[in-house]
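What you see is a predicted model; the values in this text were computed from it and never measured.
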Number of protein chains: 2
Amino acid sequence: MSTSELFRTPPRHAPQNVEILGPLRSGRATSRAALAKATGLSPSTVASRVEDLIAQGHIVEVGHGESRGGRRPRHLEIRGDAGLVGCIDLGVDRATFGLIDFAGNLVGERHLDLDIAAGPHDVLSFAVAQLVDMVEQSDVPSHTRLRGISVGVPGPVSSTTSRIVAPSRMPGWNGVSVAEVVQRDIQLPVVVNNDANLMAAGELLDADEAAAFANQVFVKVGSGIGCGIVSGGELYTGSNGWAGDISHVSVPGAAAVPCSCGRTGCLDALASGNALVREMQLAGHDVHTVEAMITLARDSHPLATRLLRNAGVMTGGVLATIVNFFNPDRLVLGGVLADSAVFVAGVRSTLYADCLPMATEQLTVEVTRHQGTGGLRGAARMFLDRVFSTEGLPPLTPAP
Amino acid sequence: MSTSELFRTPPRHAPQNVEILGPLRSGRATSRAALAKATGLSPSTVASRVEDLIAQGHIVEVGHGESRGGRRPRHLEIRGDAGLVGCIDLGVDRATFGLIDFAGNLVGERHLDLDIAAGPHDVLSFAVAQLVDMVEQSDVPSHTRLRGISVGVPGPVSSTTSRIVAPSRMPGWNGVSVAEVVQRDIQLPVVVNNDANLMAAGELLDADEAAAFANQVFVKVGSGIGCGIVSGGELYTGSNGWAGDISHVSVPGAAAVPCSCGRTGCLDALASGNALVREMQLAGHDVHTVEAMITLARDSHPLATRLLRNAGVMTGGVLATIVNFFNPDRLVLGGVLADSAVFVAGVRSTLYADCLPMATEQLTVEVTRHQGTGGLRGAARMFLDRVFSTEGLPPLTPAP
DNA sequence: CGCAGTTGCTCCAGTATTGCATAAAGTTTA
DNA sequence: TAAACTTTATGCAATACTGGAGCAACTGCG
């Protein structure tokens, strides 16, 4: 069964309710007037759409906001109990599961170890079982059901077929349609995206009005290296879906470490968490995770510190090219290595050294504020945006 | 006087006539039905807008097209005699001038030597005088007047202020508003863009329907190196306007040649036309232009060939990172060096060697089809798109 | 307290767009 | 040659959006 069958095909020019619900969900707007400003729609249009959404039971009016010198705004909220999105953020050796309600609240969260090499069927069956269990264990109202599943995977996802293509870290997953596999276990709409793309989308959620239309590059450095691009406030995935691949850029002047792609000296083979841990092991240190290594560096372990800093420098060097080319106004660092101050300092110093001054003048370089849950939040956003891009879900019962 | 004063400020939600005129001007559509397909608008909407545009005198119906198994399409054309755009493509030591009518036809063209270091006032006064002279000399109908001026410059143009910022090849132009300077000589609307961006826009003009929404990277390698980005069929200029700057990317393993930006080993300092000519001179060859060097390489001159090939390899190496990151479906090479088969081969070989196979699988790498006039055509497009983004110009006299 | 000023929301006439039904004008097939 | 089909264009009722007028509700000032 294809994914699209579980999504309603909407009328061509129906109101794009995501325009209203998006700012509401992210808290970027909480009243009709604020929505009009945030969306650029006229106050009349906003009023009319809000009225419809209230009638359908998606939005409720809850009291008033503060006056800013005039009439107080009537506070609007998405009804969280309208449904749940099951979010799965798959890593290579671990996974994060989350339940996010239609208002965007994370109402449940689990972090578990998991070997992605066990293959699509085992991994996804386990994941779905986790989500179902989480719904049963949760204390959401009984009518708040799971309405769909959003999956992030550590590999390239084709934008045309939604299949995973040539994933270097996911043996056995090449050509797999995650939606098809999941839908053998549970009959729900499924969306799939690359994990770095989801984190990039998640990063936009609590951005203010201006940043919501920003050009942004999100770099995830964990066991591997990934990158999500936001152009004009929307996720940019390129012509085929694998835009943002910076793993296999050659690092100038680096050692010829062999890479999974068949070449040597790729950024991923030199600066990823996996690469660093292996370097530590080669030097005789009994380290098995990046986290352990970062802890060592915090305690000023010389080799760990040097490796992390160097990884930051190499990553920053690649990002300098990207920043010159893409001219973003925001660069966000995520993934485990973003927790390492040494790594981040390495990125920053190289970036400012190698970029044109004009390119970095307006650029902010930050560490993500949602370590751990950014991917889940982005996953929910992608699902909900798709579902509500029109009136994809049936009208709900009116608010109590 | 600011540019905007010479552009009409349009009503907020008027029909975007550029949607109709764009495909018509580029020849991507020539009938109502084709326009509906190209724009995604409904047939009724297209019919209504076309009717308006005919009434305003912008479009004429001229006979019929070929039947494709049904009723023959009624052929639509833009009235070329509605006006002229004066296009100026400034280079460092030469300039190209063009007159392009509102139908997109190049009705006049001049190539002249010119030293950009003479400064904004002298250069632009000369340029405007050329355009005025070209109009007088041309045999367009007397009512076909110059309606605006579109300028391309070999340096970064701020997207917020339209001023030239920190141009390394344009001494005396820093902070200059080209529109202001031009408007001292002639009272017409003026738009300014970076030259590589204009060439990228020009490359889209005769693209087919699919390619018109493509993600495309245009690389201009002439005396300097520039790059224009097209995302989803629209010019992408980044947050500040200088997206696409690849001149100052460090080339791995290259000589530490000093660059105008203050660093060493930049692509521009190694692979640009200027750099190559200087290398030839250092080796004792009496060569003063890139063109001469390309001619030598065609005759198998060893050093010229080696330098050109090497420049291609270095450029291709940088572009590999860009292609992995941006995942375009089209990469177009322009500028003088694109005339050199050796250079192009160098780019291609490195690109296919250094990119991920998935990134190049669907990628086409081409040489521009409009050497010389691509910038002019792009300049006209940018001007006309802006003017007709609504009914910016007054209704014309009805067609004769 | 009254009144001006501000902010939030609603009502309404006018315009833009759409889907569908229909007509127009061809080609192909039997 | 008639019937069936294709493609192109138009007419019309329904829907969506907008700007602006006007109402509602609140603040602050004299």
From [atom1] of [X] over to [atom2] of [N], roughly how many Å is that when rounded to an integer?
X: Ile20(A); N: dC9(C); atom1: CD1; atom2: C1'; value: 14 Å
X: Lys37(B); N: dT6(D); atom1: NZ; atom2: P; value: 13 Å
X: Glu66(A); N: dA25(D); atom1: CD; atom2: C1'; value: 14 Å
X: Leu41(B); N: dG19(C); atom1: CG; atom2: P; value: 10 Å
X: Glu61(B); N: dA24(C); atom1: CD; atom2: P; value: 16 Å
X: Arg49(A); N: dT15(D); atom1: CZ; atom2: P; value: 16 Å
X: Arg32(A); N: dC11(C); atom1: CZ; atom2: C1'; value: 14 Å
X: Asp52(B); N: dT15(C); atom1: CG; atom2: P; value: 12 Å

Establish, with yes or no, whether the OP1 or OP2 oxygen of [N] is under 4.0 angstrom from a side-chain nitrogen or oxygen of [X].
X: Arg72(B); N: dG26(C); value: yes
X: Arg71(B); N: dT22(C); value: no
X: Ser42(A); N: dT18(D); value: yes
X: Arg68(B); N: dT8(D); value: yes
X: Thr45(B); N: dT18(C); value: yes

Exercise. Between Glu203(B) and Arg377(B), is the closest basic N to carboxylate O distance under 4.0 Å?
Worked result: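 Glu203(B) and Arg377(B): not salt-bridged.
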
For this session: Determine, for Asp101(A) against Arg147(A), whether the closest basic-nitrogen to carboxylate-oxygen distance falls under 4.0 angstrom.
Result: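 No, this pair does not count.
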
Problem set entry | Side-chain heavy atoms of Val217(A) within contact of Arg330(A), under 4.5 Å |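 Side chain of Val217(A) against side chain of Arg330(A), heavy atoms only: no contact under 4.5 Å found.
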
Exercise. Under 4.5 Å between any side-chain heavy atoms of Val107(A) and Ile100(A), yes or no?
Worked result: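 The answer is no, as the side chains (C-beta and beyond) never meet within the 4.5 Å cut-off.
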
For this session: Would you classify Ser44(B) as touching base, sugar-phosphate or nothing, given that sugar-phosphate means primed atoms plus P, OP1 and OP2, and contacts are heavy atoms under 4.0 Å?
Result: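 Base, at least one base atom sits under 4.0 Å.
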
For this session: Just say parallel, tilted or perpendicular for the rings of Tyr236(A) and Phe326(B), cut-offs at 30° and 60°.
Result: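 Rings of Tyr236(A) and Phe326(B): parallel, under 30°.
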
For this session: Check every atom of dC9(C), dA16(C), dT10(D) against the side chain of Pro15(B) and return the nucleotide holding the closest atom.
Result: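 So the nucleotide nearest the side chain must be dA16(C).
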
Problem set entry | First encountered from the 5' end of DNA chain D, between His75(B) and Gly70(A) |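 Nearer the 5' end of the strand: His75(B).
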
For this session: Let me know, please, whether Gly69(B) or Arg74(B) comes out on the 5' side of the other along DNA chain D by nearest nucleotide.
Result: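 Here Gly69(B) is the residue nearer the 5' end.
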
